[in-house]
There are 2 protein chains.
Amino acid sequence: MADVPPEPDELNTGLLLFVAYRAMENRIFAALERAGFDDFTLAQARVMQRIGPDGTRLTELAESAQVTKQTASHLVDQLERTGYVRRTPDPTDARARLVRLAERGVAAQPVAAAVLAEVEDEWRAHLGERRWRQLREALASLREITDPYR
Amino acid sequence: MADVPPEPDELNTGLLLFVAYRAMENRIFAALERAGFDDFTLAQARVMQRIGPDGTRLTELAESAQVTKQTASHLVDQLERTGYVRRTPDPTDARARLVRLAERGVAAQPVAAAVLAEVEDEWRAHLGERRWRQLREALASLREITDPYR
DNA sequence: GACGGTCGTCAGAACCTCGAACTAATCTGG
DNA sequence: CCAGATTAGTTCGAGGTTCTGACGACCGTC
(Lines give C-alpha, C1' and ligand atoms only; values in the text may rest on other atoms or scores of the structure.)
Protein backbone atom coordinates (compact mmCIF):
# COMPACT_ATOMS: atom_id res chain seq x y z
CA MET A 1 0.00 0.00 0.00
CA ALA A 2 2.99 2.24 -0.36
CA ASP A 3 4.76 3.52 -3.39
CA VAL A 4 8.16 1.97 -3.73
CA PRO A 5 8.52 1.72 -7.47
CA PRO A 6 10.88 -1.13 -8.28
CA GLU A 7 11.83 0.72 -11.40
CA PRO A 8 11.68 4.46 -11.89
CA ASP A 9 8.45 5.96 -13.19
CA GLU A 10 6.63 2.66 -12.98
CA LEU A 11 3.41 2.93 -11.06
CA ASN A 12 2.36 -0.02 -8.97
CA THR A 13 0.09 -2.43 -10.73
CA GLY A 14 -2.81 -2.00 -8.35
CA LEU A 15 -2.96 1.69 -9.09
CA LEU A 16 -2.76 1.11 -12.82
CA LEU A 17 -5.71 -1.25 -12.63
CA PHE A 18 -7.62 1.18 -10.46
CA VAL A 19 -7.19 4.09 -12.83
CA ALA A 20 -8.46 2.18 -15.83
CA TYR A 21 -11.29 0.59 -13.89
CA ARG A 22 -12.56 3.86 -12.52
CA ALA A 23 -12.31 5.53 -15.90
CA MET A 24 -14.57 2.89 -17.42
CA GLU A 25 -17.01 2.97 -14.55
CA ASN A 26 -17.25 6.74 -14.54
CA ARG A 27 -17.84 6.91 -18.26
CA ILE A 28 -20.70 4.45 -18.17
CA PHE A 29 -22.25 5.96 -15.08
CA ALA A 30 -22.10 9.45 -16.57
CA ALA A 31 -23.64 8.29 -19.83
CA LEU A 32 -26.52 6.62 -18.04
CA GLU A 33 -27.09 9.78 -16.07
CA ARG A 34 -27.21 11.86 -19.24
CA ALA A 35 -29.66 9.38 -20.75
CA GLY A 36 -32.09 10.01 -17.91
CA PHE A 37 -31.14 7.12 -15.66
CA ASP A 38 -30.09 9.41 -12.87
CA ASP A 39 -31.97 7.86 -9.99
CA PHE A 40 -29.51 5.23 -8.93
CA THR A 41 -26.08 5.23 -7.37
CA LEU A 42 -22.74 3.74 -8.28
CA ALA A 43 -23.06 1.09 -5.61
CA GLN A 44 -26.42 0.06 -7.01
CA ALA A 45 -25.02 -0.05 -10.52
CA ARG A 46 -22.18 -2.28 -9.41
CA VAL A 47 -24.70 -4.85 -8.29
CA MET A 48 -27.13 -4.36 -11.14
CA GLN A 49 -24.56 -4.94 -13.85
CA ARG A 50 -24.03 -8.45 -12.59
CA ILE A 51 -27.58 -9.62 -13.08
CA GLY A 52 -27.68 -12.28 -15.76
CA PRO A 53 -30.33 -12.55 -18.48
CA ASP A 54 -32.16 -15.29 -16.58
CA GLY A 55 -31.89 -13.66 -13.19
CA THR A 56 -29.27 -14.10 -10.53
CA ARG A 57 -29.43 -15.09 -6.91
CA LEU A 58 -28.71 -12.51 -4.29
CA THR A 59 -25.84 -14.49 -2.82
CA GLU A 60 -24.28 -14.79 -6.22
CA LEU A 61 -24.59 -11.05 -6.79
CA ALA A 62 -23.04 -10.37 -3.43
CA GLU A 63 -20.09 -12.64 -4.06
CA SER A 64 -19.29 -11.38 -7.50
CA ALA A 65 -19.62 -7.75 -6.47
CA GLN A 66 -17.57 -8.48 -3.35
CA VAL A 67 -19.99 -7.16 -0.81
CA THR A 68 -21.87 -8.95 1.95
CA LYS A 69 -25.33 -10.39 1.43
CA GLN A 70 -26.74 -7.69 3.66
CA THR A 71 -25.32 -4.96 1.49
CA ALA A 72 -26.50 -6.63 -1.69
CA SER A 73 -29.94 -7.11 -0.22
CA HIS A 74 -30.10 -3.46 0.74
CA LEU A 75 -29.04 -2.29 -2.69
CA VAL A 76 -31.51 -4.61 -4.39
CA ASP A 77 -34.22 -3.16 -2.15
CA GLN A 78 -33.51 0.27 -3.52
CA LEU A 79 -33.28 -0.92 -7.10
CA GLU A 80 -36.58 -2.67 -6.68
CA ARG A 81 -38.22 0.43 -5.29
CA THR A 82 -37.08 2.51 -8.25
CA GLY A 83 -38.18 -0.09 -10.77
CA TYR A 84 -34.86 -1.33 -12.05
CA VAL A 85 -35.09 -4.89 -10.80
CA ARG A 86 -37.62 -7.38 -9.53
CA ARG A 87 -37.35 -10.31 -7.15
CA THR A 88 -38.92 -13.52 -8.33
CA PRO A 89 -39.04 -16.91 -6.67
CA ASP A 90 -36.43 -19.43 -7.73
CA PRO A 91 -38.28 -22.49 -9.05
CA THR A 92 -35.42 -24.77 -8.06
CA ASP A 93 -35.10 -23.64 -4.45
CA ALA A 94 -37.86 -22.18 -2.33
CA ARG A 95 -35.42 -20.41 -0.07
CA ALA A 96 -33.81 -18.50 -2.90
CA ARG A 97 -35.13 -15.71 -5.07
CA LEU A 98 -33.91 -14.64 -8.45
CA VAL A 99 -33.14 -10.99 -8.98
CA ARG A 100 -34.12 -9.98 -12.50
CA LEU A 101 -33.97 -6.77 -14.45
CA ALA A 102 -37.33 -5.01 -14.48
CA GLU A 103 -38.57 -2.61 -17.13
CA ARG A 104 -36.35 0.30 -16.25
CA GLY A 105 -33.33 -1.93 -15.88
CA VAL A 106 -33.92 -3.46 -19.27
CA ALA A 107 -34.20 0.02 -20.76
CA ALA A 108 -30.87 1.07 -19.28
CA GLN A 109 -29.02 -1.97 -20.54
CA PRO A 110 -28.49 -0.95 -24.18
CA VAL A 111 -27.30 2.48 -23.12
CA ALA A 112 -24.68 0.95 -20.87
CA ALA A 113 -23.66 -1.58 -23.48
CA ALA A 114 -23.23 1.14 -26.08
CA VAL A 115 -20.90 3.24 -23.93
CA LEU A 116 -18.98 0.17 -22.88
CA ALA A 117 -18.36 -0.63 -26.52
CA GLU A 118 -17.49 2.98 -27.23
CA VAL A 119 -14.89 3.12 -24.48
CA GLU A 120 -13.43 -0.22 -25.49
CA ASP A 121 -13.14 1.08 -29.04
CA GLU A 122 -11.29 4.14 -27.80
CA TRP A 123 -8.91 2.01 -25.83
CA ARG A 124 -8.39 -0.30 -28.76
CA ALA A 125 -7.64 2.68 -30.97
CA HIS A 126 -5.16 4.03 -28.47
CA LEU A 127 -3.34 0.77 -27.91
CA GLY A 128 -3.63 -0.70 -31.35
CA GLU A 129 -5.40 -3.96 -32.06
CA ARG A 130 -2.49 -6.15 -31.04
CA ARG A 131 -1.80 -4.63 -27.65
CA TRP A 132 -5.50 -4.42 -26.96
CA ARG A 133 -5.82 -8.13 -27.54
CA GLN A 134 -2.85 -8.77 -25.32
CA LEU A 135 -4.35 -6.69 -22.53
CA ARG A 136 -7.68 -8.48 -22.70
CA GLU A 137 -5.98 -11.82 -22.84
CA ALA A 138 -3.70 -11.12 -19.89
CA LEU A 139 -6.55 -9.82 -17.75
CA ALA A 140 -8.69 -12.83 -18.56
CA SER A 141 -5.85 -15.14 -17.64
CA LEU A 142 -5.18 -13.27 -14.43
CA ARG A 143 -8.78 -13.79 -13.49
CA GLU A 144 -8.09 -17.48 -13.02
CA ILE A 145 -6.02 -16.72 -9.96
CA THR A 146 -7.62 -13.51 -8.73
CA ASP A 147 -11.37 -14.03 -8.97
CA PRO A 148 -12.60 -15.49 -5.71
CA TYR A 149 -16.09 -15.89 -7.11
CA ARG A 150 -15.32 -16.98 -10.58
CA MET B 1 -23.04 -1.40 -17.04
CA ALA B 2 -24.76 -4.40 -18.52
CA ASP B 3 -23.42 -7.68 -19.67
CA VAL B 4 -23.72 -8.00 -23.37
CA PRO B 5 -20.60 -9.90 -24.24
CA PRO B 6 -19.60 -9.13 -27.81
CA GLU B 7 -18.02 -12.54 -27.97
CA PRO B 8 -19.03 -15.55 -25.97
CA ASP B 9 -17.42 -16.07 -22.58
CA GLU B 10 -15.61 -12.73 -22.70
CA LEU B 11 -16.24 -10.66 -19.63
CA ASN B 12 -16.48 -6.93 -20.05
CA THR B 13 -13.22 -5.12 -19.58
CA GLY B 14 -14.40 -3.06 -16.63
CA LEU B 15 -15.16 -6.19 -14.67
CA LEU B 16 -11.82 -7.76 -15.57
CA LEU B 17 -10.02 -4.72 -14.27
CA PHE B 18 -12.12 -4.69 -11.14
CA VAL B 19 -11.41 -8.29 -10.27
CA ALA B 20 -7.66 -7.90 -10.52
CA TYR B 21 -7.66 -4.55 -8.75
CA ARG B 22 -9.66 -5.82 -5.81
CA ALA B 23 -7.54 -8.94 -5.54
CA MET B 24 -4.42 -6.84 -5.18
CA GLU B 25 -6.01 -4.45 -2.74
CA ASN B 26 -7.41 -7.20 -0.57
CA ARG B 27 -4.12 -9.02 -0.42
CA ILE B 28 -2.21 -5.98 0.74
CA PHE B 29 -4.86 -4.91 3.19
CA ALA B 30 -5.02 -8.39 4.71
CA ALA B 31 -1.24 -8.60 5.02
CA LEU B 32 -1.08 -5.27 6.81
CA GLU B 33 -3.79 -6.42 9.14
CA ARG B 34 -1.88 -9.59 9.95
CA ALA B 35 1.24 -7.54 10.57
CA GLY B 36 -0.54 -5.61 13.29
CA PHE B 37 -1.65 -2.61 11.25
CA ASP B 38 -5.29 -3.30 11.87
CA ASP B 39 -6.44 0.10 13.00
CA PHE B 40 -7.19 1.68 9.68
CA THR B 41 -9.74 1.13 6.96
CA LEU B 42 -9.59 0.45 3.26
CA ALA B 43 -10.67 3.99 2.46
CA GLN B 44 -7.88 5.39 4.60
CA ALA B 45 -5.37 3.09 2.95
CA ARG B 46 -6.44 4.26 -0.48
CA VAL B 47 -5.49 7.76 0.46
CA MET B 48 -2.39 6.87 2.45
CA GLN B 49 -0.79 4.90 -0.35
CA ARG B 50 -0.66 8.01 -2.47
CA ILE B 51 1.49 10.01 -0.11
CA GLY B 52 4.85 10.68 -1.71
CA PRO B 53 8.20 10.48 0.08
CA ASP B 54 8.34 14.26 0.44
CA GLY B 55 4.74 14.69 1.45
CA THR B 56 1.74 15.41 -0.71
CA ARG B 57 -0.88 18.11 -0.68
CA LEU B 58 -4.37 17.24 0.33
CA THR B 59 -5.84 18.39 -2.96
CA GLU B 60 -3.42 16.22 -4.81
CA LEU B 61 -4.31 13.21 -2.68
CA ALA B 62 -7.99 13.83 -3.28
CA GLU B 63 -7.59 14.08 -7.03
CA SER B 64 -5.45 11.03 -7.43
CA ALA B 65 -7.66 8.92 -5.17
CA GLN B 66 -10.73 10.29 -6.94
CA VAL B 67 -12.55 11.56 -3.91
CA THR B 68 -13.50 15.10 -2.92
CA LYS B 69 -11.21 17.28 -0.84
CA GLN B 70 -13.62 17.00 2.04
CA THR B 71 -13.46 13.24 2.00
CA ALA B 72 -9.69 13.24 1.79
CA SER B 73 -9.50 15.73 4.64
CA HIS B 74 -11.73 13.56 6.76
CA LEU B 75 -9.68 10.44 6.09
CA VAL B 76 -6.44 12.26 6.81
CA ASP B 77 -7.96 13.41 10.10
CA GLN B 78 -8.41 9.81 11.09
CA LEU B 79 -4.98 8.77 9.90
CA GLU B 80 -3.46 11.60 11.86
CA ARG B 81 -5.29 10.62 14.99
CA THR B 82 -3.99 7.05 14.77
CA GLY B 83 -0.44 8.16 14.08
CA TYR B 84 -0.04 7.13 10.46
CA VAL B 85 0.37 10.58 8.97
CA ARG B 86 1.19 14.11 9.98
CA ARG B 87 0.22 17.46 8.51
CA THR B 88 3.06 19.88 8.06
CA PRO B 89 3.02 23.38 6.59
CA ASP B 90 4.00 23.69 2.95
CA PRO B 91 6.99 26.04 2.83
CA THR B 92 6.12 27.14 -0.67
CA ASP B 93 2.50 28.02 -0.04
CA ALA B 94 1.04 29.12 3.26
CA ARG B 95 -2.45 28.00 2.27
CA ALA B 96 -1.39 24.45 1.68
CA ARG B 97 -0.20 21.76 4.02
CA LEU B 98 1.81 18.72 3.19
CA VAL B 99 0.56 15.37 4.35
CA ARG B 100 3.49 13.17 5.30
CA LEU B 101 3.81 9.66 6.61
CA ALA B 102 4.34 9.62 10.37
CA GLU B 103 6.08 6.93 12.35
CA ARG B 104 3.40 4.31 12.08
CA GLY B 105 2.88 5.01 8.41
CA VAL B 106 6.58 4.64 7.72
CA ALA B 107 6.56 1.33 9.58
CA ALA B 108 3.71 0.01 7.46
CA GLN B 109 5.31 0.93 4.17
CA PRO B 110 7.80 -1.94 3.83
CA VAL B 111 5.12 -4.48 4.73
CA ALA B 112 2.89 -3.16 1.97
CA ALA B 113 5.74 -3.01 -0.50
CA ALA B 114 6.70 -6.59 0.25
CA VAL B 115 3.22 -7.96 -0.38
CA LEU B 116 2.85 -5.86 -3.48
CA ALA B 117 6.04 -7.38 -4.83
CA GLU B 118 4.89 -10.83 -3.77
CA VAL B 119 1.59 -10.54 -5.60
CA GLU B 120 3.25 -9.11 -8.67
CA ASP B 121 5.63 -12.05 -8.65
CA GLU B 122 2.71 -14.45 -8.48
CA TRP B 123 1.05 -12.75 -11.38
CA ARG B 124 4.24 -12.73 -13.36
CA ALA B 125 4.67 -16.44 -12.70
CA HIS B 126 1.13 -17.16 -13.82
CA LEU B 127 1.30 -15.11 -16.97
CA GLY B 128 4.90 -15.68 -17.90
CA GLU B 129 7.42 -12.89 -18.20
CA ARG B 130 6.36 -11.85 -21.67
CA ARG B 131 2.64 -11.50 -21.06
CA TRP B 132 3.31 -9.82 -17.73
CA ARG B 133 5.40 -7.18 -19.47
CA GLN B 134 2.69 -6.73 -22.06
CA LEU B 135 0.05 -6.26 -19.38
CA ARG B 136 2.09 -3.66 -17.52
CA GLU B 137 2.92 -1.90 -20.70
CA ALA B 138 -0.68 -1.79 -21.94
CA LEU B 139 -1.99 -0.54 -18.60
CA ALA B 140 0.65 2.16 -18.45
CA SER B 141 -0.22 3.27 -21.94
CA LEU B 142 -3.91 3.27 -21.17
CA ARG B 143 -3.22 5.55 -18.28
CA GLU B 144 -2.41 8.32 -20.71
CA ILE B 145 -6.04 8.54 -21.72
CA THR B 146 -7.78 7.36 -18.57
CA ASP B 147 -6.04 9.12 -15.72
CA PRO B 148 -7.86 12.38 -15.02
CA TYR B 149 -5.27 13.33 -12.44
CA ARG B 150 -2.00 12.84 -14.16
C1' DG C 1 -4.49 46.84 -2.68
C1' DA C 2 -8.38 44.76 -4.79
C1' DC C 3 -9.78 40.85 -7.63
C1' DG C 4 -10.62 36.08 -8.98
C1' DG C 5 -8.89 31.69 -8.08
C1' DT C 6 -6.90 28.05 -5.01
C1' DC C 7 -6.07 25.41 -0.39
C1' DG C 8 -8.16 23.48 3.13
C1' DT C 9 -11.85 23.07 6.79
C1' DC C 10 -16.55 22.74 8.99
C1' DA C 11 -21.24 21.23 9.14
C1' DG C 12 -24.90 18.43 7.75
C1' DA C 13 -27.21 14.91 5.29
C1' DA C 14 -27.37 10.87 2.47
C1' DC C 15 -25.50 6.75 1.55
C1' DC C 16 -22.83 2.36 2.02
C1' DT C 17 -21.21 -1.48 4.58
C1' DC C 18 -20.86 -4.73 7.95
C1' DG C 19 -21.71 -7.92 12.19
C1' DA C 20 -25.13 -10.24 14.80
C1' DA C 21 -29.29 -12.45 15.12
C1' DC C 22 -33.21 -14.44 12.98
C1' DT C 23 -36.73 -17.23 9.81
C1' DA C 24 -37.47 -20.48 6.44
C1' DA C 25 -36.11 -24.09 3.43
C1' DT C 26 -32.79 -27.71 2.11
C1' DC C 27 -29.67 -31.43 2.89
C1' DT C 28 -27.60 -35.41 5.42
C1' DG C 29 -26.99 -39.38 8.38
C1' DG C 30 -28.94 -42.70 11.15
C1' DC D 1 -38.65 -40.01 8.34
C1' DC D 2 -36.77 -36.88 11.40
C1' DA D 3 -33.05 -34.15 14.18
C1' DG D 4 -29.14 -31.51 13.37
C1' DA D 5 -26.26 -28.99 10.27
C1' DT D 6 -26.22 -25.96 6.36
C1' DT D 7 -27.76 -22.46 3.19
C1' DA D 8 -30.75 -18.38 1.26
C1' DG D 9 -32.24 -14.30 2.51
C1' DT D 10 -33.91 -10.66 5.72
C1' DT D 11 -34.01 -7.26 9.62
C1' DC D 12 -31.81 -4.33 12.93
C1' DG D 13 -28.47 -1.25 14.43
C1' DA D 14 -23.97 0.87 14.46
C1' DG D 15 -20.17 2.92 12.26
C1' DG D 16 -17.78 4.55 8.17
C1' DT D 17 -17.71 6.97 3.86
C1' DT D 18 -18.93 10.44 0.74
C1' DC D 19 -21.03 14.35 -1.08
C1' DT D 20 -22.98 19.50 -1.34
C1' DG D 21 -22.67 23.88 0.28
C1' DA D 22 -20.59 27.49 2.70
C1' DC D 23 -16.68 29.49 4.63
C1' DG D 24 -11.89 31.83 6.03
C1' DA D 25 -7.22 32.12 4.66
C1' DC D 26 -3.89 32.86 1.21
C1' DC D 27 -1.84 33.42 -3.63
C1' DG D 28 -0.87 35.78 -7.93
C1' DT D 29 -1.80 39.51 -10.83
C1' DC D 30 -3.06 44.00 -12.65
Side-chain angles (χ1 to χ4, degrees), chain A residues 18 22 25-26 29-30 33 38-52 54-82 84-100 148-149, chain B residues 18 22 25-26 29-30 33 37-52 55-82 84-100 148-149:
Chain A
F18 171 77
R22 282 298 292 260
E25 190 174 69
N26 289 337
F29 191 69
E33 199 165 21
D38 55 357
D39 54 345
F40 64 87
T41 67
L42 243 177
Q44 291 169 28
R46 285 176 186 149
V47 165
M48 185 162 46
Q49 82 173 319
R50 286 169 162 90
I51 300 173
D54 302 323
T56 304
R57 288 193 187 178
L58 187 82
T59 302
E60 233 172 314
L61 287 179
E63 279 175 359
S64 78
Q66 302 198 33
V67 296
T68 59
K69 287 190 297 178
Q70 297 94 308
T71 300
S73 181
H74 180 61
L75 294 170
V76 167
D77 280 350
Q78 302 171 321
L79 286 167
E80 197 166 28
R81 230 174 294 124
T82 45
Y84 282 97
V85 308
R86 194 181 10 249
R87 276 185 247 239
T88 61
D90 182 338
T92 73
D93 190 333
R95 290 169 305 179
R97 306 166 73 178
L98 291 175
V99 180
R100 294 171 175 281
Y149 165 59
Chain B
F18 171 78
R22 282 298 294 259
E25 190 174 70
N26 288 337
F29 189 70
E33 200 165 20
F37 300 102
D38 55 356
D39 54 345
F40 64 89
T41 66
L42 204 52
Q44 291 168 26
R46 285 176 185 149
V47 165
M48 186 164 44
Q49 81 172 319
R50 286 168 163 89
I51 300 173
T56 304
R57 289 193 187 178
L58 187 79
T59 303
E60 233 172 314
L61 287 179
E63 281 176 359
S64 77
Q66 301 197 33
V67 297
T68 58
K69 287 189 296 178
Q70 295 90 320
T71 300
S73 180
H74 181 60
L75 294 171
V76 168
D77 280 350
Q78 302 172 323
L79 286 167
E80 197 166 28
R81 229 175 296 123
T82 45
Y84 283 97
V85 308
R86 191 179 16 246
R87 277 183 246 238
T88 60
D90 183 338
T92 72
D93 188 333
R95 291 169 304 178
R97 307 167 72 179
L98 291 176
V99 180
R100 295 171 175 280
Y149 166 59

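Just the heavy atoms: all of them, side chains too, but no hydrogens, waters or symmetry mates, feed the values below. Just so it is clear: chains get the letters A, B, ... in the order the sequence lines come, proteins before strands, and each one is counted from 1.
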- note: A:Asn26, atom CG; D:dC19, atom P; distance rounded to Å ~ 10 Å
- B:Arg100 side chain to B:Thr88 main-chain N or O, any donor-acceptor pair under 3.5 Å? no
- Task: Verify the contact: side-chain N or O of B:Thr71 to OP1 or OP2 of D:dC19, cut-off strictly under 4.0 Å; return yes or no.
- Result: yes
- B:Glu60 near the nucleic acid: base, sugar-phosphate alone, or nothing, with a heavy-atom cut-off under 4.0 Å? nothing
- Query: Does A:Gln78 place a side-chain N or O at less than 4.0 Å from the phosphate oxygens OP1/OP2 of C:dC16?
  - Reply: yes
- Starting from P on C:dA24, measure out to CG on A:Asp90 and report it in whole angstrom. 19 Å
- Gap between atom CG of B:Asp90 and atom OG1 of B:Thr56 - 0.5 Å precision: 10.5 Å
- When the distance from CG of B:Asp39 to C1' of D:dG15 is rounded to whole Å, what number comes out? 16 Å
- Query: Below 4.0 angstrom from OP1 or OP2 of C:dT6, is there any side-chain N or O of B:Arg57?
  - Reply: no
- If you check every side-chain atom of B:Ala43, which of D:dT17, C:dG8, D:dG9 has the closest atom? D:dT17
- Query: Whole-Å distance between C:dA14 C1' and B:His74 NE2?
  - Reply: 14 Å
- Separation of atom CG in A:Leu61 from atom P in D:dA8, rounded to whole Å: 13 Å
- Any idea which of C:dC7, C:dA11, C:dC15 is nearest the B:Gln70 side chain? C:dA11
- Short side-chain N/O contact to C:dT9 OP1/OP2 from B:Ser73, under 4.0 Å: yes
- Can a salt bridge be assigned to the pair B:Arg46 and B:Glu25 using a cut-off of 4.0 Å between side-chain N and carboxylate O? yes
- When B:Asp93 and A:Asp93 are each assigned the nearest nucleotide of DNA chain C, the 5'-most assignment goes to B:Asp93
- Task: Go through D:dG9, C:dC16, D:dT18 for me and flag the one nearest to the A:Thr59 side chain.
- Result: D:dG9
- Hey, does the side chain of A:Arg57 reach the backbone of A:Ala96 with a donor-acceptor pair shorter than 3.5 angstrom? no
- Message: Tell me the interatomic distance from B:Glu63, atom CD, to D:dT18, atom P, rounded to whole angstroms.
- Response: 16 Å
- Task: Look at A:Arg95 and C:dC27 and indicate whether a side-chain polar atom (N or O) is within less than 4.0 Å of OP1 or OP2.
- Result: no
- Task: Measure the distance from NZ on A:Lys69 to P on C:dA24 and round it to the nearest whole Å.
- Result: 16 Å
- Atom CG of A:Asp77 to atom C1' of C:dC18: distance rounded to whole Å? 16 Å
- Message: Whether A:Thr68 contacts C:dC18 is assessed here as follows: a side-chain N or O lying under 4.0 Å from the phosphate OP1 or OP2. Is that the case?
- Response: yes
- Task: Supply the atom-to-atom distance B:Thr71 OG1 to B:Gln66 CD, rounded to the nearest 0.5 angstrom.
- Result: 12.5 Å
